[in-house]
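In this chain, residues are counted from 1 in sequence order.
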Amino acid sequence: MITGGGAGIGRTYAHRFADEGARVVIADVDGAAGERVVKELEAKGGQGLALMMDVTDAPAVEAMAAAAVARFGGIDILVNNAAIHHHHAQPPFTIEALARWRAVMDVNVIGPYICSVACRAAMAGRGGGAIINHSSMAAYSGGNAYSVSKLALNALTVGLAAEFAPDGIRVNGIAPSLIDSEASLDWMNDPVRKGVEDEIVGGQLIKRLGRMEDVANMALFLCSEDASFITGQTILVDGGFTKKAF
């Protein structure tokens, strides 16, 4: 199950897991985008289900989990990918509108909490599973509501890992740097952000823009048996930009 799976990194997650034989539920506020991704998966022999859903709507999320169980018999993996970032308008802490703060925190932190709780019973019923919370290296830079939300998500990852461990559910996070998703490329093309790619890539040890496949491959690893002894961690996938340990 992938929230925000209708485009960008979420779509890449969907294809990567489907390539390994997973049956994928795409939960997205854009129902048409979700349907398009399911058709892409089916065109190459995969199976999918698209559900239009807002991660902040608890009853809708519970219905999503029930629909996944009804269609595919259970839930093994949840990728909490849906997020909002307001790339083109990120004022400092003290002048960011309160309504924007609440919206970002609701989607980026409360949403993953709601989705994780809603999927817990279905995962436990199958002997366990894996949850991935899509964070960001912005969690370690501060500066706006998005950064704070991702740092809070990292803390949520630790808390959920501890609480869900008795059910055999591992919970980890992925914190990428700038990735070649549609949203990031659009952000970089803003004249205000001219040169941002060079600045970020220049600060990395690996001198290229991150690829969506880099993030999806890490997610696949963290959900596999190869990572069976890893939980409560947020893994930086940032080309070495964030060089200190946090």
Side-chain angles (χ1 to χ4, degrees), residues 1-5 9-27 41 46-49 61 64-65 68-69 71-83 109 111-137 139-140 150-177 179 210-240 242 245-246:
M1 183 174 298
I2 301 169
T3 67
I9 295 174
R11 174 177 173 269
T12 303
Y13 280 140
H15 277 274
R16 189 69 184 89
F17 278 95
D19 288 345
E20 296 296 323
R23 296 173 293 180
V24 183
V25 177
I26 306 293
L41 301 181
Q47 296 183 58
L49 172 67
V61 173
M64 169 197 70
V69 171
R71 176 69 177 271
F72 295 129
I75 300 169
D76 299 300
I77 294 168
L78 167 65
V79 181
N80 284 312
N81 169 72
V109 184
Y113 165 77
I114 292 172
C115 292
S116 298
V117 171
C119 293
R120 180 180 185 178
M123 286 185 168
R126 289 168 70 84
I131 296 174
I132 299 294
N133 290 329
H134 187 92
S135 184
S136 169
M137 75 171 186
Y140 309 111
K150 292 303 186 179
L151 187 56
L153 182 63
N154 295 355
L156 179 66
T157 295
V158 176
L160 291 175
E163 187 165 334
F164 288 13
D167 292 327
I169 300 170
R170 296 182 300 104
V171 186
N172 290 294
I174 299 174
S177 62
I179 299 296
R211 302 178 185 124
M212 290 187 281
E213 290 79 7
D214 296 325
V215 184
N217 287 338
M218 176 57 72
L220 191 70
F221 166 70
L222 288 173
C223 293
S224 74
E225 284 301 309
D226 291 337
S228 63
F229 200 52
I230 302 174
T231 194
Q233 305 300 310
T234 295
I235 309 296
L236 282 156
V237 182
D238 67 349
T242 310
F246 292 90

Chemist: Are any non-hydrogen side-chain atoms of D167 and M123 less than 4.5 angstrom apart?
Modeler: no
Chemist: Show your working on side chain to side chain contact (heavy atoms under 4.5 Å, CB included) between S224 and D226 and close with a plain yes or no.
Modeler: CA-CA 5 Å; S224 74; D226 291 337; 3.4 Å; yes
Chemist: For the CG atom of L78 and the CZ atom of R120, what is their distance to the nearest 0.5 Å?
Modeler: 13.5 Å
Chemist: Measure from the side-chain N and O atoms of K150 to the backbone N and O of H134, and report whether any donor-acceptor pair falls under 3.5 Å.
Modeler: yes
Chemist: Does any non-hydrogen side-chain atom of L153 lie less than 4.5 Å from one of P112?
Modeler: yes
Chemist: Please tell me if the side chains of V24 and I2 come closer than 4.5 Å, counting only heavy atoms from C-beta onward.
Modeler: yes
Chemist: Could you measure the distance from the CG atom of D238 to the CD1 atom of I179? Nearest 0.5 Å is fine.
Modeler: 9.0 Å
Chemist: How long is the straight-line distance from CG of L222 back to OG1 of T234, given to the nearest 0.5 Å?
Modeler: 9.5 Å
Chemist: Walk me through whether F17 and L41 qualify under side chain to side chain contact (heavy atoms under 4.5 Å, CB included).
Modeler: CA-CA 10 Å; F17 278 95; L41 301 181; over 6 Å; no
Chemist: What residue among I131, N133, N81, V61 forms side-chain contact (heavy atoms from CB on, under 4.5 Å) with C115?
Modeler: V61
Chemist: Search all heavy atoms of A124 against all heavy atoms of I169 and return the closest pair with its distance.
Modeler: N-CD1, 4.2 Å
Chemist: Is there a side chain to side chain contact (heavy atoms under 4.5 Å, CB included) between R23 and R71? Walk through the geometry before answering.
Modeler: CA-CA 10 Å; R23 296 173 293 180; R71 176 69 177 271; over 6 Å; no
Chemist: Is any side-chain heavy atom of D214 closer than 4.5 Å to a side-chain heavy atom of R211?
Modeler: yes
Chemist: With side chains defined as the heavy atoms from C-beta onward, is the minimum distance between L236 and M137 less than 4.5 Å?
Modeler: yes
Chemist: Before giving the answer on side chain to side chain contact (heavy atoms under 4.5 Å, CB included), spell out for Y13 and V215 the whole-Å C-alpha distance, their side-chain angles and the decisive distance to 0.1 Å.
Modeler: CA-CA 8 Å; Y13 280 140; V215 184; 3.1 Å; yes
Chemist: Does T3 use its side chain to pair, donor to acceptor, with the backbone of A27 at less than 3.5 Å?
Modeler: no
Chemist: Check whether any side-chain heavy atom of V109 lies under 4.5 Å from a side-chain heavy atom of Y113, and answer yes or no.
Modeler: no
Chemist: For F72, is the CZ atom crowded, meaning more than 12 foreign heavy atoms sit under 6.0 Å from it?
Modeler: yes
Chemist: Is the backbone of I230 close enough, under 3.5 Å, to the side chain of R170 for a donor and an acceptor to pair up by distance?
Modeler: yes
Chemist: Might you point out which heavy atoms bring G232 and V158 nearest each other, and give the distance in Å?
Modeler: O-CG2, 3.6 Å
Chemist: Rounded to the nearest 0.5 Å, what's the gap from CD on Q233 to CG on N154? Could you check?
Modeler: 10.5 Å
